[in-house]
Amino acid sequence: MSGQNIAWFTNLILIYQSIINLIMKKVIVIGGGLAGLSCSCSLIESGAEVILLEASPKLGGRAYSFIDENTGDIIDNGQHIMMGCYENTIEFLNQIDAAEQLLIQDELRVPFVMNDGSIHFLSSSNNRYPINLLRSIIKFTALSIKERIRVLDLFLDLLCFEEEDLIDLTVKEWLLNESQDENSIKILWEVLAIGTLNSKIEEASAGVFVNVLKRIFLGGQEASKIMLPINGLSEMYVAPAAEFIRRRGGTIVVSERVTGVTFESDEVVRIDTNKNSYTEFDFVVSTIPLHALSKIESIEKILNLQLNQIKYSPILSINIWLSKNEFTESFYALVDSDIHWLFNHGSYISLVTSAAEGLINLTDEEIMRKTISQLSNNFCVFSPDLILSYKILKEKRATYIPSSESIICRNRITDSFGNFILAGDWTELMLPATIESAVLSGRKAAAKILEYNR
Ligand SMILES: Cc1cc2nc3c(=O)[nH]c(=O)nc-3n(C[C@H](O)[C@H](O)[C@H](O)COP(=O)(O)OP(=O)(O)OC[C@H]3O[C@@H](n4cnc5c(N)ncnc54)[C@H](O)[C@@H]3O)c2cc1C
């Protein structure tokens, strides 16, 4: 190519780039959890320019994994369960080529372990939906025939309930109103509610619970299947999402905390961090949790609400390495127990207590004493002599409690202020704080920006 041709070609590229820049929006995404990563992936795939700012040295927010220094095993900050009804999560994992990292049940199958050690299965067998789910309740031997009929009755009535009409009722009040016996509340409903809402049935809003039940049980053949990450969470989605963003020219900056947001005429004009100031952008998406958001200068004014209405619920995870593992199921739900779930990872088991206010402030020794006594009671394959080592993980502000007060309070926050858009699990009013609500919120924020672009 001659010198003249090279100059002509370079000019052409510059003109092309300036045209692209005109239509390509520049977006700052604050927070590198599921909401921030899914938002960034959607934006960058549609041609936007993305800078993601994450305060901590690692991505993943409240869902990540790390290497346990004692054993060298990769463990999660807390076992995460997903369900077939997590449509946005599945789409996101497909987008970043990570869907094969999920272990998906062939059919709904949950072993319920009673205090006497007996196990009863909620299992949908191979029948077609919805017969399979109805059959699973009819065959759920943990409940008496009369209790099963009442449970079935309520499932059949689910479509008649409007979530919005139930906001002011707690889950417990709703279940009692609907003639559910104390026994089926304790054995079935409480396990479902604590597992999906990370909240006590006396606190969580029935509106959110009914929405969750509809998604799981009325969402089609796949919706009620449980999905578990095959590898650590960071390997499952953090690394593939970061790679997806970087490969398409996006910038990810960790260890950079946003400290201030400056508004002028209802638009954000500057973002300050502990290291830099940013003024070159078209949109800003914040995906950070509400309690952290309220600490950012000038944001608390636009939030303009009583954040003390929003309460958080802890999750306690206990990982125990065993010299011999004879647990036969990949997970168990424990009924009427301090421990709610046991996940079997082969060399170690992970025990999860949701809504763990009663345990989170105990010492490790006290927690282990209770845990050993509970496991010995429930499982004949467990003995304290099998324990090689353990690791206790406490997430004090794991998720907000989806109470009626929190719904009313969050409802007062507008989801966008000019070019400043709010996302994160807490922005989905009628969903609990989950992977799905985080991903959904991130993708919705991206869609909003792309809508402006048209
Ligand atoms: C132990 C545990 C178990 C869970 N189990 C389940 C489960 O089984 N199933 C399920 O679906 N969900 C579960 N969840 C909930 C799920 O993890 C969360 O709902 C989801 O990860 C929230 O994602 P997010 O992106 O909205 O928020 P986050 O993950 O909190 O991400 C926000 C990010 O913003 C960053 N940030 C904060 N302030 C700033 C700032 N000023 N500047 C820049 N960055 C900032 C944070 O460091 C963080 O990385 C669990 C959560 C925990 C903690």
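Atoms within each ligand, like the ligands themselves, are counted from 1 in listed order.
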Original post:
Given the rule in the side chain to side chain donor-acceptor pair (under 3.5 Å) test, do E405 and S403 qualify, once you have shown the distances and angles that lead to the verdict?
Top reply: CA-CA 5 Å; E405 294 81 10; S403 61; 3.2 Å; yes

Which N/O atoms of ligand 1 sit under 3.5 Å from a protein N/O, and at what distances?
| unit_1 | atom_1 | unit_2 | atom_2 | d |
| --- | --- | --- | --- | --- |
| ligand 1 | 8 (O) | I81 | N | 2.7 |
| ligand 1 | 9 (N) | I81 | O | 2.9 |
| ligand 1 | 11 (O) | Y86 | OH | 2.7 |
| ligand 1 | 11 (O) | I435 | N | 2.9 |
| ligand 1 | 12 (N) | I435 | N | 3.4 |
| ligand 1 | 14 (N) | H80 | NE2 | 3.3 |
| ligand 1 | 17 (O) | H80 | NE2 | 2.8 |
| ligand 1 | 19 (O) | D425 | OD2 | 2.7 |
| ligand 1 | 19 (O) | T434 | N | 3.3 |
| ligand 1 | 19 (O) | T434 | O | 3.3 |
| ligand 1 | 25 (O) | L34 | N | 3.2 |
| ligand 1 | 25 (O) | A35 | N | 2.9 |
| ligand 1 | 26 (O) | D425 | N | 2.9 |
| ligand 1 | 27 (O) | R62 | NH2 | 3.0 |
| ligand 1 | 29 (O) | R62 | N | 2.8 |
| ligand 1 | 30 (O) | R62 | NE | 2.8 |
| ligand 1 | 30 (O) | R62 | NH2 | 3.1 |
| ligand 1 | 41 (N) | V258 | O | 3.0 |
| ligand 1 | 42 (N) | V258 | N | 2.9 |
| ligand 1 | 44 (N) | A55 | N | 3.1 |
| ligand 1 | 47 (O) | E54 | OE2 | 2.6 |
| ligand 1 | 49 (O) | E54 | OE1 | 2.6 |
| ligand 1 | 49 (O) | E54 | OE2 | 3.2 |

What donor-acceptor contacts under 3.5 angstrom involve side-chain atoms of residues 223-230, with partners at least two apart or in another chain?
| unit_1 | atom_1 | unit_2 | atom_2 | d |
| --- | --- | --- | --- | --- |
| K225 | NZ | D106 | O | 3.3 |
| K225 | NZ | E222 | OE1 | 3.0 |
| K225 | NZ | E222 | OE2 | 3.3 |

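- Using modelled atom types, no side-chain atom of S337 and backbone atom of L334 make a donor-acceptor pair closer than 3.5 Å.
- Of the possible donor and acceptor atoms, one in the side chain of S205 sits under 3.5 Å from a partner among the backbone N and O of I167.
- Residues meeting the ring-ring contact (aromatic ring centres under 6.0 Å, His included) test with F112, sequence neighbours left out: F140.
- Every pair tested for ring pair (Phe, Tyr, Trp, His ring centres under 6.0 Å) that includes a residue from residues 78-106 fails, sequence neighbours excluded, so the list is empty.
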